[in-house]
Every structure is written in structure tokens, then in C-alpha cells.
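Inspection log for the structure reproduced underneath, given as C-alpha cells.
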Number of protein chains: 2
Amino acid sequence: MATGKAQRNTRQRQVVLEELKKLTSHPTAADLYEIARARMPKISLGTVYRNLELLAENGVIQKLEIGGSEARFDGNPERHYHVRCARCERVDDVHDLPGGFVKRPVKHLSGYEILGLRLEFIGICPECRKRSEPGSDEVAPHERDHTR
Amino acid sequence: MATGKAQRNTRQRQVVLEELKKLTSHPTAADLYEIARARMPKISLGTVYRNLELLAENGVIQKLEIGGSEARFDGNPERHYHVRCARCERVDDVHDLPGGFVKRPVKHLSGYEILGLRLEFIGICPECRKRSEPGSDEVAPHERDHTR
DNA sequence: GTGTATGCAAAGCCTTTGCAGCATG
DNA sequence: CATGCTGCAAAGGCTTTGCATACAC
């Protein structure tokens with residue numbers, strides 16, 4: 001297997017990684033850019049993107065391409081699943097998934113050799129549930145059906 | 001529940017829907033634009049986007065926001081899962097998923113009220129498997145780990 | 001010193017939107 | 001004949017990239 005080319009441990013890369021590891025909020029690249037700027041005012045958004053991509057490729061962090069337009073990043077590289085709030089777009093880790101929720105592993109499906117799967121839950125977060133007035137049964141259009 | 005406003009059955013909408021229903025290839029909006037143009041040279045990309053969005057909201061088709069940059073559309077509105085090829089980005093339906101692969105339903109997770117889930121598989125399609133020379137154990141960077 | 005990484009800014013890609021005219025119901 | 005829909009084109013949002021310079025090793 002080919003050895004990748006030498007990567008340098010720049011201050012920018014350290015800052016991005018450190019700040020991401022502090023958070024459990026699954027920030028976007030723009031979020032991390034703002035946070036990193038507090039410590040390093042001249043860091044550029046492009047650098048943040050480049051480093052997040054690189055760290056994800058190295059398996060040090062995870063890039064979550066979850067529903068919604070922006071990618072989010074997770075400082076925890078361990079396998080775990082996520083829930084996204086259909087109202088506020090908040091993303092949380094799922095810690096209480098019933099054991100064996102998914103039967104793993106599946107080796108073949110529809111002629112494909114299966115490498116992995118992506119699973120995410122959609123729901124309403126505690127905050128947003130509190131916020132909805134009792135008695136109101138209005139449903140935002142985008143909440144209509146997430147089960148398919 | 002509020003009644004939506006009257007929607008018209010335009011020729012553009014018919015063409016987009018008909019062409020999508022003919023396909024099992026999960027085309028992108030741009031794909032459908034090209035296909036629709038064969039029948040209706042003046043149709044615009046904006047119109048294709050607007051109609052796909054509307055048809056998906058009506059539950060007539062599905063919008064798949066699967067890994068990768070572009071949204072894909074599925075003329076089959078029934079619930080089913082998809083496999084994406086990590087090499088060629090092809091997307092297929094999964095017809096042979098073991099029964100009870102996912103335990104449903106889950107009502108609550110991490111304080112969220114769960115509305116649904118998104119599940120997709122990543123693998124190597126039959127074509128791409130055939131294409132890889134036997135004996136080669138090179139692995140494309142993006143295939144590294146899709147299991148987390 | 002060599003070559004990777006950065007900052008800056010421009011470009012790229014997919015998608016959405018404003019608007020005036022058209023065509024459906 | 002009212003108004004939802006269209007084509008066109010421009011704008012928007014997120015991400016990537018070209019380039020000259022800086023800095024890690």
C-alpha cells in the first residue's frame with residue numbers, strides 16, 4: 001500500500017482539531033471557522049475546509065453528510081449514529097440505541113459487495129418539543145414523513 | 001389540515017414525472033433536464049427543479065439526499081432503501097434486505113421524539129467489481145471505511 | 001532548503017429565485 | 001380570466017482551487 005506524503009502539524013491544523021474535539025455539537029465548517037478565528041484571527045475559511053477534509057481522510061474525525069445542505073463534523077471518530085432535529089437542524093449523538101438495532105454485517109445486497117451503511121434518525125429535539133404549544137397540532141411541511 | 005392551493009397539471013410537470021417513472025436509475029435533476037429536453041426542447045432547468053420539489057412534497061416521487069453532492073430522485077414513492085456504489089456513484093434499490101434488518105419503530109432516542117430514519121448502504125456495484133483486476137488490492141481513498 | 005500548508009480571492013457547482021409573459025382550469 | 005406556472009437569467013450558499021508566500025521538518 002502506498003505511503004501518503006508527509007503531513008505537517010501546522011498550528012492551524014492543531015487549532016481546528018482541538019476546537020472540534022471540545023465540542024459535541026457537530027459544527028459546520030463555518031462554525032469552526034468562527035471558533036478558530038477567536039484563537040487565530042488570520043486563519044482562512046479555505047484552510048479550515050482543507051484541514052477538516054484531511055483530518056477526516058485520516059480517520060481522526062468524522063465528516064457527517066447528513067440531511068441538510070452543510071456538512072457537519074464530529075470530533076469523535078468512533079462509530080456511532082446521529083439524530084437530527086427536523087425543526088432546528090440540531091444534531092446529537094445517539095447513545096441509547098437498542099442493541100442489535102441493525103443486523104450487522106450484511107455482505108451482499110442487490111449484487112453489491114457491501115462496505116458499510118449510513119444510518120441517521122430524524123426527530124424532534126427536547127427543546128423544540130417544549131417550544132411547541134400544547135394543543136397545537138400544526139406540522140411543519142418538512143416534518144411530514146421521514147420514515148421512507 | 002390545511003388544503004394546499006390548487007396545482008395545475010402542466011405539460012412540463014407531466015413530462016418530468018413520466019420520464020422519472022420510466023427510470024430506475026435514480027437520476028439527478030440535471031439528468032432529467034436532459035431527458036425532458038428531448039421531448040420538450042424549451043423546458044428550463046429551473047422548471048425541472050421546481051417540479052421535482054413539488055412532486056416530492058406531494059409524495060408522488062422521492063427526493064434522495066444520499067451521500068454525494070447532487071440530489072437524486074426516485075419515481076417509486078414506496079418506502080425502500082438504496083445502495084450507492086463507492087466507485088461510480090451509481091444508486092440502486094435494495095430488494096433483498098433481510099426481513100427485520102432494522103427494528104422498527106423506535107419512539108424515543110436521546111430525548112428526541114423519533115419521526116423516522118434514513119438508511120443507505122455503501123458498496124461496490126457488480127460492474128465496478130468486474131472492472132477491478134484480480135490480484136489488485138489497491139483501495140481508493142474514499143472506500144476506506146464506510147461502516148461508521 | 002524542500003515542499004507542504006496557508007491566506008486571499010476567485011471560481012465552481014448545485015440549487016433557488018425574481019420577473020414578465022403564458023396557459024391551465 | 002384569475003393565478004399558478006414557465007423560461008430566462010441572475011443570484012445564493014457551500015465548497016474547492018490557483019497562486020504567491022510562509023513555515024514545518
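A, B, ... follow the sequence lines: proteins, then strands. Residue 1 opens every chain.
A salt bridge links A:Asp92 and A:Arg90; the closest N-O separation between the charged side-chain nitrogens and carboxylate oxygens is under 4.0 Å.
Checking C:dG7, D:dT6, D:dC5 against the side-chain heavy atoms of A:Lys42 singles out C:dG7 as nearest. Among the nucleotides D:dT16, C:dC14, C:dT6, the one closest to any side-chain atom of A:Asn51 is C:dT6. Closest to the A:Gln7 side chain, of the nucleotides C:dA5, C:dT15, D:dT15, is C:dA5. When the nucleotides D:dA2, C:dT6, D:dT15 are ranked by their closest atom to the side chain of A:Ala71, D:dT15 comes out on top.
For A:Gln7, the side chain to side chain donor-acceptor pair (under 3.5 Å) criterion is met by A:Asn58, not counting sequence neighbours.
Distance, B:Glu57 CD to D:dG4 P: 15 Å, rounded to whole Å. For A:Leu45 and C:dC8, the CG to P distance is 11 Å, given to the nearest whole Å. As rounded to whole Å, 9 Å separates atom C1' of D:dG7 from atom CD of B:Gln12. The distance from atom CD1 of A:Ile43 to atom C1' of D:dC23 is 15 Å, rounded to the nearest whole Å. In this structure, CG of A:Leu32 is placed 15 Å from C1' of D:dC14, rounded to the nearest angstrom. Taking atom CG of A:Leu54 as the reference point, atom P of C:dT4 lies 12 Å away to the nearest angstrom. Distance NZ (B:Lys5) to P (C:dT24): 18 Å, rounded to an integer number of Å. In this structure, the CZ atom of A:Arg72 is 11 Å from the P atom of D:dC14, given to the nearest Å.
Contacts of A:Arg50 with the nucleic acid, taken as non-hydrogen atoms under 4.0 Å apart, include base atoms.
Each of B:Arg39, B:Arg37, B:Arg13 was compared with B:Glu19 under the salt bridge (charged side-chain N to carboxylate O under 4.0 Å, His left out) criterion, and only B:Arg39 meets it.
Residues B:His80 and B:Asp74 have side chains that bring a donor and an acceptor to within less than 3.5 angstrom of each other.
For the pair B:Val48 and B:Ala6, both in contact range of DNA chain D, the more 5′-proximal nearest nucleotide belongs to B:Ala6. Mapped onto DNA chain C by nearest heavy atom, B:Glu70 and B:Thr10 fall at different nucleotides, with B:Glu70 at the one closer to the 5' end. Along DNA chain C, the nucleotide nearest A:Gly46 and the nucleotide nearest A:Asn9 are compared for position; the residue whose nucleotide lies closer to the 5' end is A:Asn9.
A distance below 6.0 Å separates the ring centres of B:Phe121 and B:Phe101.
For B:Ser44, no side-chain nitrogen or oxygen approaches OP1 or OP2 of D:dC8 to under 4.0 Å. For the pair A:Tyr49 and D:dT15, the criterion of a side-chain N or O lying under 4.0 Å from OP1 or OP2 is met. Proximity of B:Arg8 to the phosphate of C:dA23: no side-chain N or O atom is located under 4.0 Å from OP1 or OP2.
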